[in-house]
Number of protein chains: 2
Amino acid sequence: MRKNQVTITDLARELNVSPSTISRALNNSPFISEERKRVILDLAAKMKYSPNQLALSLLNKRTKILGVVVPEITSYYFSTAINGIQDKVGSSGYKLMISQSNESFEEEIRILEAMALVRVDGFLISPSSNTVNFDHLEKLRDSGFPLVIFDRDCLGFDIDKVVVDDYSGALQAVEYLIQTGCKRIAHISGSTNLSTAKHRKNGYIDALLKNNFEVLEELIVCGEDSSSESGVASMKKLLELEELPDAVFCYNDAIAIGAMSVIRENGIKIPDQISLVGFDDEPYSSYFKPSLTSVWQPIYDLGLLSAKILLDKLNTDVEDMKYRFEVLKPELVIRDSSRKLKE
Amino acid sequence: MRKNQVTITDLARELNVSPSTISRALNNSPFISEERKRVILDLAAKMKYSPNQLALSLLNKRTKILGVVVPEITSYYFSTAINGIQDKVGSSGYKLMISQSNESFEEEIRILEAMALVRVDGFLISPSSNTVNFDHLEKLRDSGFPLVIFDRDCLGFDIDKVVVDDYSGALQAVEYLIQTGCKRIAHISGSTNLSTAKHRKNGYIDALLKNNFEVLEELIVCGEDSSSESGVASMKKLLELEELPDAVFCYNDAIAIGAMSVIRENGIKIPDQISLVGFDDEPYSSYFKPSLTSVWQPIYDLGLLSAKILLDKLNTDVEDMKYRFEVLKPELVIRDSSRKLKE
DNA sequence: CTGTTAGCGCATTCAG
DNA sequence: CTGAATGCGCTAACAG
């Protein structure tokens, strides 16, 4: 903080009035004469007075700061969610304290504790992939912090949540592959204890079952993480199979891109020999060769809605409002990495 | 903030001692008996006491919060810089308040003012592309806020700065193109009033001049912004020329990707007919077809160093330390979108 | 070693 | 309408 901040007392001394009068003028209370008010406001402007939020926070017991924790900010996905959060929150005077857990459970706990100490007014959290229990979140909730979980569900933990219907997205994607004539559809999955990975895998499996396809273990590969490198490794495994798949549904675009490069290197044609589908619809997906069919997610809206729910919570006194569980719908975007529907 | 926070006074009442004694125990002052200390610490743990940072901030006149303002968090570039900042700052107990200006000058001013009110301890700023004057930054500096400008230089504004040597990066790239036999090298530039765009363009021009090439206005195109879409539009313009260029040096990878798709659509071979070079070396660049030659920037380190400089500043009492101006070196990464050097 | 006092900057009683 | 007093939670200076 700066050394010589102009305070309400400075103004009071200058004008030979009491600090409370200054306060009244500044907050334009009705209990002050118009003339005085003007004089005070003028001086305040001239002396560049600005209220000390810290003192106010201490007094009001609220900071107007929201804590946001995501697994990683570098990903297009989460930064876009933050974008949505920011846009929602900006106009309401709330500031964002953002931190990333780097997919570490311990880090997540540390960050949350630090933010609780700062007394943020609420939390927006997308848990790390290694977050196995939710004691830390429960602790926050129970000590009265409003919090909203977004994108990654915490199964079994009761709280406000906003997620994308991964299951439906996967179902759409795989059914499309089936409709375009693919017979041997593989799946490259993401980190196993991610709710999103589970749901997408389930969508994949159910799409197969629904269409009387066999679910083959050998066609389901799970990489280390959800990166392009992981996609490369997983795809290589699939290419070692006796009988190659004729389609691959990937957990996300990053994996799909890695897979694409491996397929290409092996001289296999996309989509003629193998159809490829990603998830997320990242900005570059349409610029790949071939352009990537992918499941678009309303991730910006997800951020927006999460923030809205938190703000609503903050602006209501009612305590025991039911927790909300919002599910946003994804959408399949068909491009050139998958075969076309026959007319 | 939570309704029923446990305070130092609560503990004091419980134990029938004065608040200062509690304070001493908590801060393990030497002026307290070991026994009492233990008792107090135990109770504090049991009652889940946690210090109120707000009160401390008000007292110490520092919040341990750093304000970070970037043009956009969604970009890989800036989110990686934030990553570096976070990693540097995390261990020192500082928290980050992050906001994006969305390349808007007015928004930048608003954000900065809000952060100043919160009394952040310092600023890390990468100005928007529409920031034409630096009065707001000067105001911050003059009211005593330490601030570090990173990535985008504010020409003429004297302050700590950390930037990448765009000029040298561009020079490397274009000289490489020349060495591989390109004769007619075009340039697609970014937003005109960005220091980075200026420097890259200058690097391009100087590389040409140094090698006795003519600088042709028709070969320099400037798009609306720095997006892939802008790259598409700019490349189309270049393809309308009587005589096509045999190389295009782009302001960044996004533009290059857009350009690549246009070139491909027109049945022109990369790199045989046109060499393509980007800037930033985004993670997907190596997965494009052909993989993109690009200038890698030490952007993570840029964040790291900026944060370090700010922290150093914060930990020194000395006022009139000279402002630092750090320039990080980029590096050309050669891939398949440019011709190879002849042996 | 420990308690009392004061004050960080502010808004909100309560008396005038 | 206005001023004095009080307290948000905490530490530091000052007396014991």
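Keep in mind that the numbers below use all heavy atoms, side chains included, and drop hydrogens, waters and symmetry copies. Lettering of chains follows the sequences in order, A, B, ..., and the numbering in each one begins at 1.
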Report summary line: Separation of D:dC10 atom C1' from B:I40 atom CD1, nearest Å, is 15 Å

Report task. Measure the distance from CG on A:N28 to P on C:dA11 and round it to the nearest whole Å. Result -> 12 Å

Query raised in the report: Nearest of D:dT2, C:dC10, D:dG9 to any side-chain atom of B:N52?
Result: D:dG9

Requested in this report: Starting from P on D:dC8, measure out to NZ on A:K61 and report it in whole angstrom.
Outcome: 7 Å

Query - C:dC1 OP1/OP2 closer than 4.0 Å to side-chain N/O of B:K37 - result: no

Query raised in the report: Taking CD from A:Q53 and P from D:dC8, how many angstroms apart are they, rounded to a whole number?
Result: 21 Å

**Report entry** Salt bridge flag under 4.0 Å for residues B:D312 and B:K308
**Finding:** yes

Query raised in the report: Which part of the nucleic acid does A:P51 contact within heavy-atom distance under 4.0 Å: base, sugar-phosphate only, or nothing?
Result: sugar-phosphate

Query raised in the report: Is there a side-chain polar atom (N or O) of A:S57 under 4.0 Å from OP1 or OP2 of D:dC8?
Result: no

Query raised in the report: Taking the nucleotide of DNA chain C with the closest heavy atom to each, which residue, B:I32 or B:A55, is nearer the 5' end?
Result: B:I32

Report task. Take atom CG of A:N60 and atom P of D:dC8, then tell me their distance rounded to the nearest Å. Result -> 13 Å

Report task. Please report, rounded to the nearest Å, how far the P atom of D:dA15 is from the CZ atom of B:F31. Result -> 16 Å

Query raised in the report: Going by distance alone, is a donor N or O of one side chain under 3.5 Å from an acceptor N or O of the other, for A:S128 and A:T131?
Result: yes

**Report entry** Between B:S101 and B:S104: side-chain donor-acceptor atoms closer than 3.5 Å
**Finding:** no

Query raised in the report: Only one of B:K313, B:R324, B:R141, B:K322 clears salt bridge (charged side-chain N to carboxylate O under 4.0 Å, His left out) with B:D160; which?
Result: B:K313

Query - Matching residue for B:S306 among B:V148, B:V68, B:D151 - test: side-chain contact (heavy atoms from CB on, under 4.5 Å) - result: B:V148

Query raised in the report: To the side chain of A:L59, which of D:dC10, C:dA11, C:dT2 is closest?
Result: C:dA11

Requested in this report: When you get a sec, tell me which of C:dG9, D:dT2, D:dG9 is the closest nucleotide to the side chain of B:Q5?
Outcome: D:dG9

Query raised in the report: Do the rings of B:F134 and B:F157 sit parallel, tilted or perpendicular, given the 30° and 60° boundaries?
Result: tilted

Query raised in the report: Where along residues 8-27 of chain B does a heavy atom fall under 4.0 Å from DNA chain C?
Result: B:V17, B:S18, B:S20, B:T21, B:R24

Query raised in the report: In whole angstrom, what separates A:L58's CG from D:dT6's C1'?
Result: 14 Å

Requested in this report: Give me the one residue out of A:E113, A:E108, A:E107, A:E106 that meets side chain to side chain donor-acceptor pair (under 3.5 Å) with A:R110.
Outcome: A:E107

